[in-house]
Each structure stands twice: as C-alpha cells, then as structure tokens.
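Below is one structure; the comments refer to it alone.
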Protein chains: 2
Amino acid sequence: MPRSSVSGQTGRPPVTSRAEILAAARRLIDRNGWEKLTIRGLAGELGIGATTLYHHVRDKEDLLLLLLTEYAAQLPRPELSGEPRDRIIAAGVLIHDAFAAWPWAAEVLATDGFVARIGDPALWIVEAILAGAADHGCTPAQGVLIFRNIWYYTVGEILVRARTARRHPDGDFPPAENSPFSGTGNSQLPHLTAIADQWGEIAQENTFHQGLTALVDGLLAQATA
Amino acid sequence: MPRSSVSGQTGRPPVTSRAEILAAARRLIDRNGWEKLTIRGLAGELGIGATTLYHHVRDKEDLLLLLLTEYAAQLPRPELSGEPRDRIIAAGVLIHDAFAAWPWAAEVLATDGFVARIGDPALWIVEAILAGAADHGCTPAQGVLIFRNIWYYTVGEILVRARTARRHPDGDFPPAENSPFSGTGNSQLPHLTAIADQWGEIAQENTFHQGLTALVDGLLAQATA
DNA sequence: ACCTGAACACCGTTCAAGT
DNA sequence: ACCTGAACACCGTTCAAGT
C-alpha cells in the first residue's frame with residue numbers, strides 16, 4: 001500500500017495509482033465480463049507487473065469492493081415522494097436498475113451484510129424503504145422485513161436473468177433450453193404441456209415492476225392486517 | 001465415456017463408476033462446501049488418477065448437473081391439496097426447503113432454464129404451481145408469471161442467506177458486518193439509526209414463508225383484479 | 001475398454017531483490 | 001516508496017502411451 005501523500009517525495013516513482021487500476025478494471029469488466037477479470041490481465045491492460053497491483057489494493061476481493069463502492073457513490077439519488085407504498089416500490093426499482101446496469105455487482109454483493117460492506121453511499125436507499133414503511137404504519141421490525149424481502153426478490157431476479165442472458169445472449173431463446181418442458185406428450189403435465197410453446201417468449205418479458213408491486217402490496221397488507 | 005454394459009467384457013477393468021464418482025463428490029461437498037470441490041481432489045478421494053474422471057463424466061459442469069439431477073429425483077413428492085392459493089405456497093416452500101438443504105444447488109441452477117437442464121424430476125412442481133394458478137382463475141401466462149416470481153424470490157433468499165451464513169457461521173452476527181449501519185449518529189438516517197442495534201437479530205429470522213405468502217397473495221390479487 | 005502421467009494453459013498471491 | 005520476476009500452490013482439461 002502506498003502511504004498518503006507527503007510533500008517530500010523520495011524513492012521510485014509510481015507507475016500507476018488506485019484510480020487508474022479501478023478505471024482499467026471497469027474497462028475490462030465492461031469489455032469481457034467480470035468472470036474474466038484476472039489480476040494478471042489487469043496488470044497487462046495497465047502495462048505493469050502483476051505483483052505491483054498488490055501495493056495499491058489488498059487483494060482481488062478488495063478491488064471488487066472498491067469498484068462497487070465507487071459505482072454506488074456515483075449513482076443518482078433522486079428525491080422519492082408520493083404515497084409511502086409508492087416510495088417503497090420506487091426505491092426497489094432504483095436498486096434493481098442499478099444492478100441491472102451492472103449485473104456482476106449482484107454476484108459480489110449477494111449477501112445480507114452487503115450494505116455494511118459497500119458503505120455509506122448505499123444507506124440512503126435503505127433509509128428510504130424504512131421511512132416508507134414507517135409512514136405506512138409499519139413497526140421498525142416490519143420495515144426491516146420489507147427491506148429484506150425486496151432485497152431477496154431483487155437479487156434473485158437480477159442473478160437469474162443475468163445468468164440466463166449469458167447462456168443464450170439476447171434475442172433467441174431455444175425452447176429446449178429456456179422452457180421447462182422440452183419433451184412432448186407427457187400427460188402428467190397438462191398445464192406445462194399447454195404453455196410449453198409460449199414459455200420462452202413469456203419468460204423473456206421484464207416483469208420486475210409488476211412482481212415487486214405484488215410483493216410490497218402483499219407485505220404491507222400483512223403488516224396492517 | 002464407458003459404453004453401456006455388454007456381456008463380453010474385454011480390456012482393462014474399470015477402477016470406478018459414475019455412481020461412485022457422484023457419491024464421492026457428494027461426500028466432499030457435504031464435508032468442505034461445493035466451492036472446494038475440484039476434479040483433482042475428487043480423484044484423490046477415490047484414489048484414482050484425475051484424468052480418469054473424464055471417462056465417466058464430460059466435464060465438471062456435467063458432473064454438477066448429474067449430481068443435481070440425482071438429488072432432485074430423490075426428493076419427496078407429496079400430494080398437494082387444499083385451496084389453489086395454499087397449494088401454490090406449499091409448492092414454493094417445497095422448492096425452498098429442497099434448496100435450503102443443499103444451498104449450492106441454487107448457485108448452479110440460478111438460471112431461467114434450470115428445469116430444462118435438471119430434467120423431468122423437477123417438472124411436477126412447476127406443474128403444481130401452474131395448476132394452482134389455473135384453478136384460482138389465472139390465465140396460463142399469469143401462471144408462468146407466478147412461477148417465475150416464486151423462482152426469483154426463492155433463489156434470492158437462498159443465495160443471500162447461504163452466502164451470509166458462509167461469512168459469519170451460525171450464531172454470532174457482529175453488528176458491524178451484518179447490519180447496514182455500522183457508524184453512529186448519522187442524523188440523515190433516523191430510521192436506520194433507530195433500528196441499527198436490532199438489525200442483526202431481525203435479519204437472522206427465517207421469514208421465507210411469510211414473504212412467499214405476501215408475494216403469492218399479491219400476484220393473485222393482481223391476476224384477478 | 002479403460003486408465004494414467006506428463007503437459008498445457010491458466011489462476012491469486014508472497015517475497016526477496018532491485019531502483 | 002515503489003516496482004519486479006521468480007516462485008509457490010493451486011486450477012480444469014487434453015492427449016499420447018500404456019495395460
């Protein structure tokens with residue numbers, strides 16, 4: 001790790017910086033996908049020795065976390081207004097859209113403790129959901145429940161759709177792979193058989209907003225029952 | 001790949017079989033977690049050369065898929081009865097419990113096309129959800145929507161909780177890691193501050209059934225609106 | 001028919017030595 | 001202060017050669 005800047009500079013001059021490393025990492029991820037990011041490849045992109053990176057970031061996990069924190073800090077932070085229920089849904093959509101633009105973030109962050117790890121830049125959206133729940137008449141514990149459920153649902157949607165997209169990139173979805181029903185004429189499965197042909201097309205639709213609304217409305221109905 | 005058994009056996013006798021390999025893989029996963037499963041380690045467990053495995057399974061992904069198919073085929077398949085809405089929820093709980101017992105399965109299968117890949121043994125539960133939706137008055141497309149949403153929610157819950165458990169194994173949950181709020185006295189985040197101390201404990205609770213119920217009720221309300 | 005070691009093309013990370 | 005190559009301890013997979 002380099003020390004924080006002091007006036008009297010001595011010793012060998014740096015060939016790179018943490019900022020340069022993060023920018024290059026982001027470039028490579030956008031180009032090849034995050035699974036393909038390697039320390040050695042990153043050093044190659046920067047034209048430096050692979051081991052030099054370890055003077056600027058602790059390890060690969062630290063690098064990814066720095067990248068996520070940077071991304072989170074730079075996201076727009078719109079004022080949420082209107083009915084509490086609508087604010088909660090809008091907050092969920094914001095989380096979703098942020099991850100949809102950078103699906104690998106969901107892979108890295110798919111953990112309950114994510115907000116603590118990513119830090120302050122993400123807390124405001126949690127606060128927004130808790131505030132919406134409270135304004136709707138929920139107890140604090142019910143607010144936490146609502147946040148957790150939105151988080152589960154959103155992570156699941158992002159991960160499933162991201163991995164599906166990786167397998168058969170945009171547009172074509174061979175029924176045999178995308179539909180749960182590839183065989184023919186299984187009389188034990190009448191509903192599945194009936195819908196088999198259209199499954200792929202239906203599963204392609206973006207129904208996040210609709211599903212999130214159902215989840216939030218269901219949770220709020222439970223809370224105020 | 002070995003050929004299907006024929007009576008006149010010739011050549012070098014096998015030192016293992018696909019069944020033995022799958023059993024050993026399962027043992028190692030249960031012992032060390034699925035991330036630690038390596039082809040070389042598996043061969044070591046069996047006391048054979050690593051490259052021998054490639055005569056019995058195509059590659060590592062094929063091996064994992066065989067393992068999943070075996071697991072799915074062996075799961076109990078209870079009759080679901082009662083109200084359509086309750087049958088849908090019960091089906092979701094069955095999916096959840098199957099994955100909760102083997103969380104790595106969710107990692108491998110977190111893809112829209114999962115049922116096609118895992119094959120017939122998993123189709124009955126999809127049929128059960130579609131049938132419940134139809135009996136409740138949903139169109140086939142609405143049934144597919146309900147299945148997909150249950151799948152997203154369940155995958156998210158399993159993955160988030162599995163990865164969290166891996167980070168701070170059962171019991172203790174340091175607030176600094178498990179709560180979104182580690183700092184103190186941030187007046188911009190009143191609701192978060194108020195609940196910070198109890199967050200870890202609340203987030204520990206298993207609320208899957210409750211959340212799934214909210215989701216299904218919300219979706220059914222949308223469908224029949 | 002089946003098994004095997006050597007080899008290929010990779011990983012992340014450490015550390016002593018250099019500038 | 002910072003950089004570097006060599007080295008360590010791994011991966012999955014292929015393939016020619018052996019039994």
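First the proteins, then the strands, lettered A, B, ... as listed; each starts at 1.
No contact: S17(A) has no heavy atom under 4.0 Å from any strand.
Across the protein-nucleic acid pair, D62(A) atom CG and dT13(C) atom P stand 10 Å apart, rounded to whole Å. The CH2-C1' distance, from W34(B) to dG12(D), rounds to 14 Å in whole Å. In this structure, NZ of K36(A) is placed 12 Å from P of dC10(C), rounded to the nearest angstrom. In this structure, CG of L53(B) is placed 13 Å from C1' of dC2(C), rounded to the nearest angstrom. Spacing between atom CD of E20(A) and atom C1' of dC3(D) amounts to 14 Å, rounded to whole angstrom units. The CG atom of L63(A) sits 10 Å away from the P atom of dG12(C) (whole-angstrom rounding).
For A128(A) against L80(A), the heavy-atom pair with the smallest separation is CB-CD1, 3.8 Å.
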Next item on the list: Convert the base pairs of DNA chain D into dot-bracket notation, remembering that pairs crossing earlier ones are written with [ ] and that bases paired across to another strand are shown as |; include only Watson-Crick or G-U pairs under 3.5 Å.
Entry: ||.|||||...|||||.||
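Geometrically, R26(A) does not engage W34(A) in a cation-pi contact, judged by NZ or CZ lying under 6.0 Å from the ring centre and within 45° of the ring axis.
Distance from the side chain of T38(A) is smallest for dG12(C) among the nucleotides dT13(D), dG12(C), dC3(D).
Comparing the C1' positions of dC10(D) and dC8(C) gives a spacing of 15 Å, expressed to the nearest Å. Nucleotides dA9(D) and dA9(C), compared at atom P, are 23 Å apart to the nearest Å.
Between dC3(C) and H56(B), a contact under 4.0 Å exists linking OP1 or OP2 to a side-chain N or O.
Looking only at distances, a side-chain donor or acceptor of S17(A) sits under 3.5 Å from a matching main-chain atom of E20(A). Listed for the R148(A) side chain is no donor-acceptor partner under 3.5 Å among the backbone atoms of E157(B). Between the Y152(A) side chain and the V155(B) main chain, no donor and acceptor come within less than 3.5 Å of each other. Side-chain atoms of K36(A) never come within 3.5 Å of backbone atoms of L28(A) as a donor-acceptor pair (strictly under, hydrogens ignored).
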Return all side-chain donor-acceptor pairs below 3.5 angstrom for residues 38-50 of chain B, not counting sequence neighbours, or 'none' if the list is empty.
from   : atom 1 : to     : atom 2 : distance (Å)
T38(B) : OG1    : G41(B) : N      : 2.8
E45(B) : OE1    : R31(B) : NH1    : 3.4
E45(B) : OE2    : R27(B) : NH1    : 2.6
E45(B) : OE2    : R31(B) : NH2    : 3.3

Check: When every nucleotide of nucleotides 14-19 of chain D is labelled 5' to 3' by its protein contacts under 4.0 Å (heavy atoms), B for base, S for sugar-phosphate only, - for none, what sequence of letters results?
Finding: BB--BB
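In this structure, the ring of W199(B) has its center less than 6.0 angstrom from the ring center of F147(A).
Partners of H191(B) by ring-ring contact (aromatic ring centres under 6.0 Å, His included), not counting sequence neighbours: none found. Under the ring-ring contact (aromatic ring centres under 6.0 Å, His included) criterion, F208(B) pairs with H96(B), Y153(B), not counting sequence neighbours.
Listed by residue number, I39(A), R40(A) are the residues of residues 39-50 of chain A with a heavy-atom contact under 4.0 Å to DNA chain C.
For the atom pair CG (L123(A)) and CD (Q188(B)), the distance works out to 11.5 Å, reported to the nearest 0.5 Å.
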